[in-house]
2 protein chains.
Amino acid sequence: MLFSKACTYAIRAAVLAAAKDPDGQRAFIPIRELADEVNVSFHFLTKILRKLTEANIMESFRGPNGGVGLIRPAREISVIDIVAAIDGLGLFEGCALGLPQCSDDSPCPLHDAWRKRREDLKNMLTRTKLADLVRNQTRKAVRR
Amino acid sequence: MLFSKACTYAIRAAVLAAAKDPDGQRAFIPIRELADEVNVSFHFLTKILRKLTEANIMESFRGPNGGVGLIRPAREISVIDIVAAIDGLGLFEGCALGLPQCSDDSPCPLHDAWRKRREDLKNMLTRTKLADLVRNQTRKAVRR
DNA sequence: CCGTTTTCGGACTCTTTTGTCGGGAATATG
DNA sequence: CATATTCCCGACAAAAGAGTCCGAAAACGG
């Protein structure tokens with residue numbers, strides 16, 4: 001898989017949060033509600049989303065009417081931000097064959113072909129904002 | 001990581017085997033020798049390469065002067081063949097967000113952008129033959 | 001036939017990822 | 001202040017990935 005499961009849950013939950021707070025008016029959405037729609041256990045999603053709050057992507061509030069919400073407007077949050085917070089950026093940095101000393105100077109056999117594509121992939125994920133994902137999502141397709 | 005560690009070891013070992021048998025004259029190379037150069041334990045590489053023989057990519061021979069070797073010439077073996085044998089092709093088939101019902105009909109938010117890139121990646125790995133990797137490898141860069 | 005070499009095959013351990021659970025802290029409402 | 005709600009946090013369990021190890025089987029050379 002390209003992303004870890006935790007990362008895909010995080011992206012789906014963030015997209016849902018963005019969709020549920022269209023005007024950026026800071027409505028806090030209970031994690032339980034997001035978990036139901038992402039179809040992952042409440043506790044597990046809680047653990048994952050804590051990383052997003054630690055990374056200053058979301059903020060949270062306890063108690064009745066509490067929940068989580070995006071700190072910045074959805075059009076300012078890139079998919080890569082979430083990937084970086086959950087999986088890290090190792091995918092876009094390393095050699096495809098896992099060779100430590102592979103570099104532009106002494107490239108491994110796949111070096112150039114992979115570098116081009118991983119940069120393109122990273123650019124795509126940087127360009128793509130949560131707002132874009134909200135826009136072209138069908139409600140159905142975000143649920144499992 | 002794009003590939004599992006086992007998969008990167010398999011690719012590196014296969015490239016080495018191709019390099020050591022340039023004329024396709026079916027020299028059997030001891031796994032121990034490959035393991036030293038790939039810098040992975042002999043036993044672990046043995047386990048991995050068995051999958052390549054099961055997949056009819058390599059053949060093996062026991063006893064003195066035994067070892068493993070590519071069944072077909074290196075120019076006829078694609079990198080994707082090895083990836084398929086070790087990691088499977090799940091990376092190139094699934095939805096980037098892990099949504100089971102995501103399809104061309106009801107695409108998830110990342111569907112089109114990812115499909116384009118994963119197909120390009122798959123094509124690249126299909127076009128790239130072991131012989132290509134042998135050609136532009138520096139000996140140094142295949143070792144760890 | 002015997003000993004050596006080398007793959008085969010499975011059992012086993014260690015680590016990471018995935019997932020579950022329960023108690024505590026914060027917040028709102030009455 | 002009491003209670004209900006909701007996130008925080010750490011302990012734990014299960015599954016998968018990574019890696020080790022050992023005995024058995026095949027092949028060769030004397």
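Residue numbers begin at 1 in each chain, while the letters A, B, ... track the order of the sequences. Below, each value reflects all heavy atoms present in this structure, side chains not excepted, and no hydrogens, waters or symmetry copies.
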Figure out the [atom1]/[atom2] separation between [X] and [N], and round it to whole Å.
| X | N | atom1 | atom2 | answer |
| --- | --- | --- | --- | --- |
| B/L2 | D/dG17 | CG | P | 15 Å |
| B/L49 | C/dC8 | CG | P | 9 Å |
| B/R32 | C/dT4 | CZ | P | 16 Å |
| B/E54 | C/dT7 | CD | P | 15 Å |
| A/F42 | C/dG23 | CZ | C1' | 13 Å |
| B/I31 | D/dT20 | CD1 | P | 15 Å |
| A/Y9 | C/dT20 | OH | P | 9 Å |

Nucleotide of [options] approaching [X] most closely (side-chain heavy atoms):
| X | options | result |
| --- | --- | --- |
| B/F61 | D/dA18, C/dT18, D/dC28 | D/dC28 |
| A/H43 | C/dA28, D/dC28, D/dC9 | D/dC9 |
| A/S41 | D/dC8, C/dT20, D/dC28 | C/dT20 |

Check this one for me: any side-chain N or O of A/S60 less than 4.0 Å away from OP1 or OP2 of D/dC8?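 Checking A/S60 against D/dC8: at least one side-chain N or O falls below 4.0 Å of OP1 or OP2.
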Is there a donor on the side chain of B/R62 or the base of C/dT7 sitting less than 3.5 Å from an acceptor on the other?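 Such a pair is found, so the answer is yes.
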Quick one: the side chain of B/K47 and the base of D/dT20, do they pair up donor-acceptor inside 3.5 Å?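 Looking at the base of D/dT20, it does pair with a donor or acceptor on the side chain of B/K47 (distance under 3.5 Å).
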What closest approach, in Å, do B/A14 and B/L70 show between heavy atoms, and which atom pair accounts for it?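 Looking at all heavy atoms of both residues, the closest pair is O-CD1, 4.1 Å.
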Side-chain heavy-atom pair A/L130, A/I82 within 4.5 angstrom cut-off: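 The answer is yes, as the side chains (C-beta and beyond) meet within the 4.5 Å cut-off.
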Using modelled atom types and a 3.5 Å cut-off, is there a donor and acceptor pairing between side-chain atoms of A/T8 and backbone atoms of A/K5?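 Pair found, side chain donor or acceptor close to backbone of A/K5.
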Can you work out whether B/P64 or B/D87 has the more 5'-proximal nearest nucleotide on DNA chain D?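 Mapping each residue to its closest nucleotide by heavy atoms, the 5'-most match is B/D87.
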When we call it a touch if two heavy atoms are under 4.0 Å apart, what does A/F28 touch: a base, just sugar-phosphate, or nothing?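 Nothing, no heavy atom under 4.0 Å.
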Only pairs at least two apart or in different chains count here, so list each side-chain hydrogen bond (donor to acceptor under 3.5 Å, both in side chains) that has a residue in residues 54-70 of chain B.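 Qualifying pairs: B/R26-B/E59.
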Could you give me the CA-CA distance, side-chain angles and deciding distance for B/R117 and A/R117, then say whether side-chain contact (heavy atoms from CB on, under 4.5 Å) is met? CA-CA 8 Å; B/R117 285 164 178 84; A/R117 284 165 178 84; over 6 Å; no
5' precedence on DNA chain C between B/T46 and A/F3 (nearest-nucleotide basis):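 Between the two, 5'-proximity favours B/T46.
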